[in-house]
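Since the structure comes first, as structure tokens, the remarks are kept for the end.
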Protein chains: 2
Amino acid sequence: MLTTHRKQQILSLLKRNGQVIAKDVSQSMGVSEDTIRRDLRELAQEGLLQRVHGGALPSSPAIADFAGREQLTPDGKIAIGRAAAKMIQPGQVVILDGGTTARQVARHIPLDLKATVVTHSPTIALELVNHPDVEVILIGGRMFKHSVVAVGAVAIEAIAQIHADTYFMGVTGIHPKTGLTTGDYEEAAVKRALSHAAAETIVLASSEKLNAASPYAVISLAEISGIITEQGAAAALTRPYEKLKIVVTRA
Amino acid sequence: MLTTHRKQQILSLLKRNGQVIAKDVSQSMGVSEDTIRRDLRELAQEGLLQRVHGGALPSSPAIADFAGREQLTPDGKIAIGRAAAKMIQPGQVVILDGGTTARQVARHIPLDLKATVVTHSPTIALELVNHPDVEVILIGGRMFKHSVVAVGAVAIEAIAQIHADTYFMGVTGIHPKTGLTTGDYEEAAVKRALSHAAAETIVLASSEKLNAASPYAVISLAEISGIITEQGAAAALTRPYEKLKIVVTRA
DNA sequence: CAATATCGTGCAATTTCGTGCAAGGTCAAG
DNA sequence: CTTGACCTTGCACGAAATTGCACGATATTG
């Protein structure tokens with residue numbers, strides 16, 4: 001990883017998120033916190049950012065235009081994303097769903113990780129453009145605007161050609177009885193296809209999704225191998241899944 | 001291996017990846033790191049790249065950084081985009097290329113226009129999410145990060161299924177002799193396929209593209225029916241195309 | 001005020017850089 | 001064909017940059 005490149009990335013992160021946290025950056029870039037701190041110090045020296053305890057803020061408040069939007073992402077989802085990204089091993093082929101949680105996964109993929117990411121979400125694809133070592137495969141099809149993902153027969157066909165290691169699935173409901181559900185019929189079909197295209201399916205479920213159900217079934221709980229949820233999720237909420245030998249990770 | 005050839009390769013790598021690492025390049029080209037370092041030093045001397053510890057970065061960040069490029073959209077491109085968007089009739093199926101100019105087209109499509117837009121650019125697809133009456137068809141494939149578009153065999157296959165009315169094509173060069181050209185081999189193939197999938201191809205060419213040529217041919221001038229360029233483009237620059245019965249629009 | 005997290009600095013290990021030099025190759029004049 | 005000037009390349013070696021760790025200082029939080 002090039003030092004200069006890393007500094008650029010830090011500035012880019014800063015611009016996008018309105019803030020950077022030393023620890024997060026060090027993890028996502030695969031270097032020690034010391035190095036990041038040094039970078040931050042030097043960038044602050046050049047007046048490109050403002051150093052604060054724990055990380056850095058933009059030097060001029062005017063730049064922080066995106067900040068407001070990003071702060072709407074709850075910490076829980078960010079933590080889930082970070083935990084999921086950590087599971088990706090070098091060389092693997094993973095499928096990333098659409099949705100805000102999956103976006104956090106993309107955002108936490110280390111910049112130096114060599115891997116292939118398959119996605120039907122243009123948002124996710126764009127998120128990964130700056131990862132030089134991540135090959136991105138975009139699934140095409142008819143755009144379903146509500147979720148901003150490609151759906152339809154063409155998408156299903158394209159997915160059928162893929163054999164991935166892991167699928168990180170976002171859902172709107174996960175329930176011991178009804179299994180995994182989502183709010184759109186077409187999208188459910190695509191999620192089903194994605195799940196079948198991967199050896200392992202891991203569900204990203206912030207706590208409000210646990211024990212909730214939506215109109216359209218995706219797959220049954222028997223077909224998933226893991227759930228990543230928030231640190232604070234009540235044990236009672238996850239016990240039913242643990243009984244089914246599903247690995248529940250608290251991020 | 002010819003020195004000049006090697007330097008070209010380095011610049012090409014730089015453009016593709018946004019960075020080069022001396023060690024990687026030396027390994028992939030089978031020469032010592034010393035040689036690569038010498039090359040990098042000389043290229044930096046010529047101002048073709050920016051030397052950094054461990055490798056090199058593009059001399060002007062704008063060349064490789066897609067985000068950077070769009071920040072300075074010149075008025076001409078905006079006008080071209082507006083003019084192109086005006087050509088889209090209700091009910092039509094149009095193909096929008098990637099690139100900054102095409103993005104301006106998307107941005108100027110009226111919110112109440114009922115139409116279908118086919119694109120291989122995630123950026124364009126996102127741009128149209130808020131148009132309730134525009135159906136968006138996303139072409140999938142391998143992401144070519146430099147241009148942020150889908151390319152490859154899968155993309156070509158998907159395009160072959162489409163029959164559109166108009167294709168608004170962006171190029172890096174249009175020349176009376178060499179026709180339409182662009183800077184990447186794969187991308188040229190995709191543009192060719194898109195052109196064949198549309199009844200009409202209209203080229204979006206800001207004035208600096210006129211009478212310029214890039215390494216890879218897309219199609220000949222005989223296959224296009226219109227060019228949209230800037231208001232201020234010199235008449236001498238467009239006359240060759242008008243003689244070929246190509247409709248030149250000044251936006 | 002105490003526990004914890006973060007910071008800054010010194011230091012050692014590693015990587016990368018620049019330079020001098022010798023080996024080999026090209027090319028043109030003799 | 002030979003010779004010599006010139007260029008390119010790889011290697012050696014000291015210099016400089018980068019990075020991670022240890023440790024004490026400082027800031028934050030409850």
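This structure is a prediction, so every number in the text was calculated from the model and none was measured. Proteins come first, then strands; the chains are lettered A, B, ... in the order of their sequence lines, and each starts at number 1.
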query = Checking only heavy atoms, does the side chain of Asp34(B) share a donor-acceptor pair with the base of dC17(C) at less than 3.5 Å?
reply = no

Glu33(B) CD - dT14(C) P separation (whole Å) = 17 Å

request  = Classify the side chain of Arg37(A) and the base of dG20(D) as holding, or not holding, a donor-acceptor pair under 3.5 Å.
outcome  = no

task = Whole angstrom is fine here: how far is it from CG in Asp39(A) over to P in dT19(D)?
result = 7 Å

message = I want to confirm an ordering. Mapping Thr35(B) and Glu42(A) to their closest nucleotides on DNA chain D, which one lands closer to the 5' end?
response = Thr35(B)

task = Determine: side-chain N/O of Arg51(A) to OP1/OP2 of dC7(C), distance under 4.0 Å, yes or no.
result = yes

Carboxylate-amine/guanidinium contact Lys23(A) Glu33(A), below 4.0 Å = no

task = Determine: side-chain N/O of Lys23(B) to OP1/OP2 of dT15(C), distance under 4.0 Å, yes or no.
result = no

request  = Using whole Å, report how far NZ of Lys7(B) lies from C1' of dC7(D).
outcome  = 12 Å

task = Starting from the C-alpha separation in whole Å, work towards a yes-or-no answer on salt bridge (Lys or Arg N to Asp or Glu O under 4.0 Å) for Lys7(B) and Glu42(B).
result = CA-CA 9 Å; Lys7(B) 287 191 186 173; Glu42(B) 290 164 19; 2.6 Å; yes

Evaluation steps, side chain to side chain donor-acceptor pair (under 3.5 Å), between Ser32(A) and Thr35(A) = CA-CA 5 Å; Ser32(A) 78; Thr35(A) 303; 3.2 Å; yes

message = With hydrogens left out and only the distance checked, is there a donor-acceptor pair under 3.5 Å joining Arg38(B)'s side chain and the base of dG18(C)?
response = no

query = Given atom NE2 of His53(A) and atom P of dT4(C), what is their separation to the nearest angstrom?
reply = 15 Å

Carboxylate-amine/guanidinium contact Glu230(A) Arg250(A), below 4.0 Å = no

query = Nearest-Å distance, CZ (Arg6(A)) to P (dT15(C))?
reply = 16 Å

task = Starting from P on dT8(D), measure out to CD1 on Ile36(B) and report it in whole angstrom.
result = 14 Å

